[in-house]
Amino acid sequence: MLIGVPKEILAEEKRVAATPETVKKFITLGFEVAVQSSAGEGVLISDDDYKNAGAKIVADPEKLFAESDLILKVKQPEFNQTIGKHEADMLRDGGMIITFLHPASPDNHDMIRRLRDKRITSFTMDGIPRISRAQRMDALSSMSTVTGYKSVIMAANQMQTFIPMIGTAIGTIKPARFLIIGTGVVGLQAIATAKRLGGIVKALDIRKNACTEAESLGAKTVEFDIPQESAVAEGGYAKFLENEWLEKERKVIAEHIKEADVVILSALVPGEVAPILVTEAMVGTMKPGSVIIDVSVDQGGNCEITEHGRFVQKLNVNICGIQNIPGRVATHASWLYANNIYYYVENLFKKGIGQLDLTDEIVANSLVTHESRIHYKGALKAMGTNS
Ligand code: NAD
């Protein structure tokens, strides 16, 4: 069975879905591997590195897609401008693909239908359930770790002030103040990074457990007294708040945002658009030169005036709506992702190469299309269809 690893085509995407280390592991399992030439260029892995690991190098992406039984990618299939064809159409009929498909997102519905109509068996890395057996495959957590770290570094880079307290002959420079909203995996890593840089960190989450974790990393939690039955759904994940509570939360944030030098926004509710927690009026009260990194931008963003894909200055505040933050730490992001996907494939074919185990909980939860049907619940709901 041939695994194909194409070069990513999304603008500025440097990550790659396999490294020479994982190529060797796939070959040990009994797969053959083909890698598109220069697929590892963005992370300084050469074609020779892949060849030495046992992969075949293929120059033509159309040939790679057409010949591979299973394609491994980082980002969802996109239209390839150079070739003039959509990657979904380049997959061979009845073939397989594993990547981040974000199937519920309306932007991807047309692509999901193409996969269904071509009888592709597709799996999405963002559908892997958070059970302990799946931890090594949890690419969402891996990429969130990278995002949390890099969001603080990007803010630091944009600031014209120091983060740590610095004593000088002229006087003492005060440390920067961070406000981190949403303390899931992204927020916690942002707290840890801001603390390492010497910042003073406040954090806010609607789940008490998340607040406790933030405090254990040295953040001071912002008081927001919301009954947990209004904030936490079954399974421990956040609920989308009723308007009345969102309004109260915005009032609390408005009190703290005025004194922040950096605001990291990472408040998300699984399967929903991101709640707006920072309005334009609130941005207007922030210090000139302060920075907002709106990590939730892929789900719409937590700030009302974030511009998707852009770093802009509005009301004297720098607002970052850059998507694909993990691609900016491409080497470690690729190392993590390539290993996550390796463990996913190992589990997928645990009954033997070529024998899919669709009853496995991890596989069933991440299956998107199979035998001309859409199986992913979030996508079916968002598309208003049952197949
Ligand atoms: P996420 O990306 O879905 O959401 C980020 C955070 O936003 C969450 O903490 C959520 O409570 C918060 N949030 C939602 N609405 C908010 C609002 N209105 N105001 C403020 N905050 C709001 O979350 P995630 O990073 O995927 O992690 C969610 C939880 O799952 C975490 O507690 C994490 O530790 C846990 N987790 C478990 C595993 C595992 O068991 N394998 C793996 C990863 C994460």
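Note that the structure is a prediction, hence the values are computed from the model and not measured. Sequence positions, counted from 1, serve as the residue numbers for this chain. As the structure lists them, so they are numbered: ligands from 1, and atoms in each ligand from 1.
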Shortest protein contact, [atom] (heavy atom only):
{"atom": "atom 22 (C) of ligand 1", "result": "A267 CB, 3.5 Å"}
{"atom": "atom 29 (C) of ligand 1", "result": "R207 NH2, 3.6 Å"}
{"atom": "atom 23 (O) of ligand 1", "result": "G184 CA, 4.2 Å"}
{"atom": "atom 38 (C) of ligand 1", "result": "R130 CG, 3.3 Å"}
{"atom": "atom 33 (C) of ligand 1", "result": "V185 CG2, 4.4 Å"}
{"atom": "atom 34 (O) of ligand 1", "result": "E213 OE1, 4.1 Å"}

If the cut-off is 4.0 Å to any non-hydrogen atom of [X], which atoms of ligand 1 fall inside it?
{"X": "G182", "result": "7 (O), 21 (N)"}
{"X": "A238", "result": "10 (C), 11 (O), 14 (C)"}
{"X": "D138", "result": "42 (C), 43 (C)"}
{"X": "S266", "result": "5 (C), 6 (C), 7 (O)"}

Notebook entry, point to check: Under 4.5 Å between side-chain heavy atoms, hopping through other hydrophobics if needed: is there a path connecting L101 to V273?
Noted result: no
Based purely on interatomic distance, does [X] place a nitrogen or oxygen under 3.5 Å from a nitrogen or oxygen of ligand 1?
{"X": "V186", "result": "no"}
{"X": "I181", "result": "no"}
{"X": "S141", "result": "no"}

Note to self: Determine whether E346 and K25 satisfy the following criterion, salt bridge (charged side-chain N to carboxylate O under 4.0 Å, His left out), listing intermediate values before the conclusion.
What the structure shows: CA-CA 10 Å; E346 186 191 43; K25 285 159 77 168; over 6 Å; no
Check: So do T221 and K202 actually touch side chain to side chain, heavy atoms under 4.5 Å?
Finding: no
Next item on the list: I would like to know whether D225 and K248 meet salt bridge (charged side-chain N to carboxylate O under 4.0 Å, His left out); could you show each step before the answer?
Entry: CA-CA 10 Å; D225 215 3; K248 285 184 185 164; over 6 Å; no
Select the closest option to [atom] among [options], judged by heavy-atom distance.
{"atom": "atom 15 (N) of ligand 1", "options": "T145, I206, D126", "result": "I206"}
{"atom": "atom 1 (P) of ligand 1", "options": "L268, V252, D205, L140", "result": "L268"}
{"atom": "atom 20 (C) of ligand 1", "options": "E272, E249, R250, Q189", "result": "E249"}

Notebook entry, point to check: Which heavy atom of T99 sits nearest a heavy atom of K73, and at what distance?
Noted result: OG1-O, 3.1 Å
Item checked: For ligand 1, the portion of Y237 having any non-hydrogen atom under 4.0 Å away -> side chain
Check: Looking at V186, T193, I191, which hits side-chain contact (heavy atoms from CB on, under 4.5 Å) with Q189?
Finding: T193
Next item on the list: Measure the CZ-OH distance between R15 and Y337 for me, rounded to the nearest 0.5 Å.
Entry: 8.0 Å
Margin query: Determine whether E67 and R92 satisfy the following criterion, salt bridge (charged side-chain N to carboxylate O under 4.0 Å, His left out), listing intermediate values before the conclusion.
Written below: CA-CA 7 Å; E67 287 181 355; R92 69 168 178 72; over 6 Å; no
Margin query: Working note: D89 + K118, criterion salt bridge (charged side-chain N to carboxylate O under 4.0 Å, His left out); need CA distance, chi angles, decisive distance, verdict.
Written below: CA-CA 8 Å; D89 296 332; K118 258 184 98 69; 5.6 Å; no
Notebook entry, point to check: With under 30° as parallel and over 60° as perpendicular, where do the rings of H375 and H370 fit, or are they tilted in between?
Noted result: tilted
Check: Only one of E280, E307, E304 clears salt bridge (charged side-chain N to carboxylate O under 4.0 Å, His left out) with K314; which?
Finding: E307
